[in-house]
Participant: 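Starting off with a structure, shown below.
Please read these numbers as outputs of a predicted model, since none were measured by experiment.
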Amino acid sequence: MEPLFKNNYMFFLKKHGELIAALLSGIIILTAWILEDKMPNSLWITSNLIAFVIGGFAKAKEGITNSIIYKELNVELLMIFAAIGSAIIGYWTEGAILIFIFALSGALETYTMQKSERELSALMDIQPEQALRLIHNKTELVDVEDLVIGDYILIKPGERIPADGIITKGKSSVDESALTGESIPATKQCDAEVYAGTVNLNGSLTVKISKLSKDSFVQKIMELVQSAQSEKSPSQLFIERFESKYVKIVLITVGVMLFLPHFLFGWSWTDTIYRAMILLVVASPCALVASIMPATLSAISNAARNGILFKGGVHIENLSNVKAIALDKTGTLTNGTPHVTDIHFAKEIDEHYALQVINAIEKESTHPLAQAIVNYTKEEQRRSDLLVENMQEEVGKGVSATIDGDNWVVGSGNFFNQRSDADWYNAIAEKLATEAKTVVYIAKNNEVVGLIALKDDVRNDTIKAIQSFKKAGIHTIMLTGDNETTAQAIAEEAQLDGYIANCMPADKVTEIKKLKEKYTHVAMIGDGINDAPALATADIGIAMGAGTDVALETADIILIKNKLKKITNAIQLSTRMNRIVKQNIFFSISVICVLIITNFFQLLDLPLGVLGHEGSTILVILNGLRLLR
């Protein structure tokens, strides 16, 4: 019990320590101010000193440590100097209030960081620590970390799925909202993939483990977002470089102000030093420094919660600048799962027998089109005596084999060199191609005897996403390896601004470079290995969550749920973040300028200077926190 209490106590202090110290400092200051006339002067000074130490310890330690490590001055040191300076000239209460508000704003900034982390660590909390492992039709409760690839686990209705895997038995609805932000449960059955942390709603599932606990989908999300939080945006990097130089300028200016006004304007030494201390307070760029990071962290957390992973602040900052988006076709604009739509045979062909032959040949191939054809023909009664011999597969062309002494070929038009315009199937093939369908030719003994048409349907949300891009003034273009006819049909169906057909990976890179010359800021959306070079070339690479590992590694942004509409949400979030950052910067600089000018004309006293400076810091942090919504 005692170690547990100690751990909880330490966690509480780590989480709320800064805020508690700031509030305790404030209580001591308030008490000393109320009882100033009723307590000895020495006790009053001691009370303020205690408030200094309690409220300022965390920030003083941070400022001194960072100055030693990075050999650069920072705003924390400015605040320490200002508070000490105020105390030296007799303004103990003002100095203590400065420390209190600075500590409070620091606690608020820490809260922003913790809030951002909590949004993400919540993903960790949803992953169960134990699972029911199936062994010889019996179950045993084991730690998730002990599961290995190939293990089978039982997931009951209402339970969270403890590890990534493939369903081998059962059917259920699965709530994936914690990972994808999608509120509608997904129907899952045999061969479907499920992810750790999602909830099995209404049916028992047997799942075969496909990934170790440390490699699960939720763990990858955590790693990606934590990496994004550590990568700073260009604006943040500029502010940090500016901060050190600015602090030096302020210290030099304050040093001059300690003497120059006395000789130049005839101010008394008391007024001169007092004004210099106020300048030290109001010229500190605390609000400016806090203008960007809290807003960026809040935006990244918001995006991750809604199924959009940014790999760094630079990408969320730059996304709103995109003027053109290039899109891959298969798996991006379309579902990536072609299905048979039409089938035509020559009059003399026995259709039932031909389908048996096609099934026997295609089930040996791993090509996506072959798998779609097998799924279509699997209902045909299979002959046990159908022997496939001399099977050969040519990449990009098709499959040939000998069955019952006849040579059969199932493949693209590239397999057939000599075709007369008078052939029965030409008109059919041309019509199918104009409908964005892929045509597979069936040949028997070098004569085309059938056609199979397949289509990869455009995603349900594709057209809405494209329309939203256009409303935002973004040019859309498809880069695809498909032929001109198919590419044109898909582009028209998706309502794209343009398309480039017959694109090899190198061609996609070339087209991206051309777009960058014309539109300056270009994004590329893809999911395959062949898209990786273009994703890397674009200003912002966006990968579909179901894409290949290479695409996911190369991309700057990942759409977990494969929904293009999420890009619109991400652009809106980027625009909001940039607007809030600009608001913060303009506001903080304006406040600093006003405070410096009013101090120079002796219209500002130290308490108001402290309130104006630290109040502006708190306001910009709160403004950045709005992005969590």
Participant: Set out, in order, the CA-CA distance, both residues' side-chain angles and the distance that settles side chain to side chain contact (heavy atoms under 4.5 Å, CB included) for D497 and I477, then state yes or no.
Facilitator: CA-CA 6 Å; D497 293 321; I477 184 170; over 6 Å; no
Participant: Do S574 side-chain atoms and A570 backbone N/O form a donor-acceptor pair below 3.5 Å?
Facilitator: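 Here the side-chain-to-backbone pair does not exist.
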Participant: Decide yes or no for L559 and I567: does some side-chain heavy atom of the first lie under 4.5 Å from some side-chain heavy atom of the second?
Facilitator: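 Side chain of L559 against side chain of I567, heavy atoms only: contact under 4.5 Å found.
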Participant: Should we count CG of D350 as having more than 12 external heavy atoms under 6.0 Å?
Facilitator: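 Check passes, neighbour count above 12.
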Participant: Checking side-chain polar atoms at under 3.5 Å, does T568 have a donor or acceptor matched by the opposite partner on S468?
Facilitator: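 On atom types as modelled, these side chains qualify, holding a pair under 3.5 Å.
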Participant: Would you confirm whether K508, through its side chain, and A326, through its main-chain N or O, come within 3.5 Å as a donor-acceptor pair?
Facilitator: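 Flag not set: sc K508 to bb A326 has no pair under 3.5 Å.
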Participant: So, D406 side chain and T402 main chain: donor-acceptor pair closer than 3.5 Å or not?
Facilitator: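 Looks like no, no N/O pair under 3.5 Å.
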Participant: For L564, is there any backbone N or O sitting under 3.5 Å from a side-chain donor or acceptor partner on R459?
Facilitator: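 Not a single qualifying donor-acceptor pair exists.
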Participant: Would you compute the distance between atom CG of L327 and atom CG of D527 and round it to the nearest 0.5 angstrom?
Facilitator: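 Between L327 CG and D527 CG, I get 11.0 Å after rounding to 0.5 Å.
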Participant: Counting N and O atoms only, with roles assigned by atom type, does the side chain of S172 sit under 3.5 Å from a partner on the main chain of G203, one being a donor and the other an acceptor?
Facilitator: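 Confirmed, S172 side chain pairs with G203 backbone.
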Participant: If only atom types and distance count, is the side chain of N318 paired as donor or acceptor with the main-chain N or O of V314 below 3.5 Å?
Facilitator: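 Between the backbone of V314 and the side chain of N318 there is a qualifying donor-acceptor contact (under 3.5 Å).
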Participant: With a 3.5 Å cut-off and no angle check, do the side chains of T334 and D456 form a donor-acceptor pair?
Facilitator: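 T334 vs D456: donor-acceptor pair found between side chains.
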Participant: Would the Y519 and H475 ring centres measure less than 6.0 Å apart?
Facilitator: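 That pair passes the under 6.0 Å test.
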Participant: Side chains of S210 and D164 only: does a donor on one sit below 3.5 Å from an acceptor on the other?
Facilitator: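 No, no side-chain donor-acceptor pair sits under 3.5 Å.
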Participant: Quick one: does K188's side chain have a donor or acceptor within less than 3.5 Å of a partner on E193's backbone?
Facilitator: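 Between the backbone of E193 and the side chain of K188 there is a qualifying donor-acceptor contact (under 3.5 Å).
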Participant: Is the closest side-chain heavy-atom distance between T341 and H339 below 4.5 Å?
Facilitator: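 Yes; the side chains approach each other to less than 4.5 Å.
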Participant: Atom CD1 in I452, atom CD1 in I343: separation rounded to 0.5 Å?
Facilitator: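 Rounded to the nearest 0.5 Å, the CD1-CD1 separation comes to 4.0 Å.
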Participant: For a quick check under 3.5 Å, do N335 and D457 share a side-chain donor-acceptor pair by atom type?
Facilitator: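 Distance-only check fails for N335 and D457.
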Participant: Looking only at side-chain N and O atoms, does Q488 offer a donor or acceptor that is under 3.5 Å from a partner on E484?
Facilitator: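 Judged by distance alone, the side chains do not pair up.
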Participant: May I ask you to decide if A487's main-chain N or O and T480's side chain share a donor-acceptor pair within less than 3.5 Å?
Facilitator: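 Answer holds: no.
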Participant: Tell me if a side-chain donor or acceptor on T462 pairs with a main-chain N or O of V458 at a distance below 3.5 Å.
Facilitator: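 Side chain of T462 to backbone of V458, a donor-acceptor pair under 3.5 Å: no, none is there.
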Participant: Rounded to the nearest 0.5 Å, how far does NZ of K455 lie from NZ of K437?
Facilitator: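 With rounding to 0.5 Å, NZ (K437) is 6.5 Å from NZ (K455).
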Participant: Any chance you could measure I540, atom CD1, to N321, atom CG, to the nearest 0.5 Å?
Facilitator: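 Reported to 0.5 Å precision, the distance equals 7.5 Å.
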Participant: Has T332 got a side-chain atom pairing as donor or acceptor with K329's backbone, closer than 3.5 angstrom?
Facilitator: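 Checked: no pair found.
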Participant: With no hydrogens and no angle check, do the side chains of N445 and N407 hold a donor and an acceptor under 3.5 Å apart?
Facilitator: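 There is no such pair (donor and acceptor under 3.5 Å, judged by atom type) between the side chains of N445 and N407.
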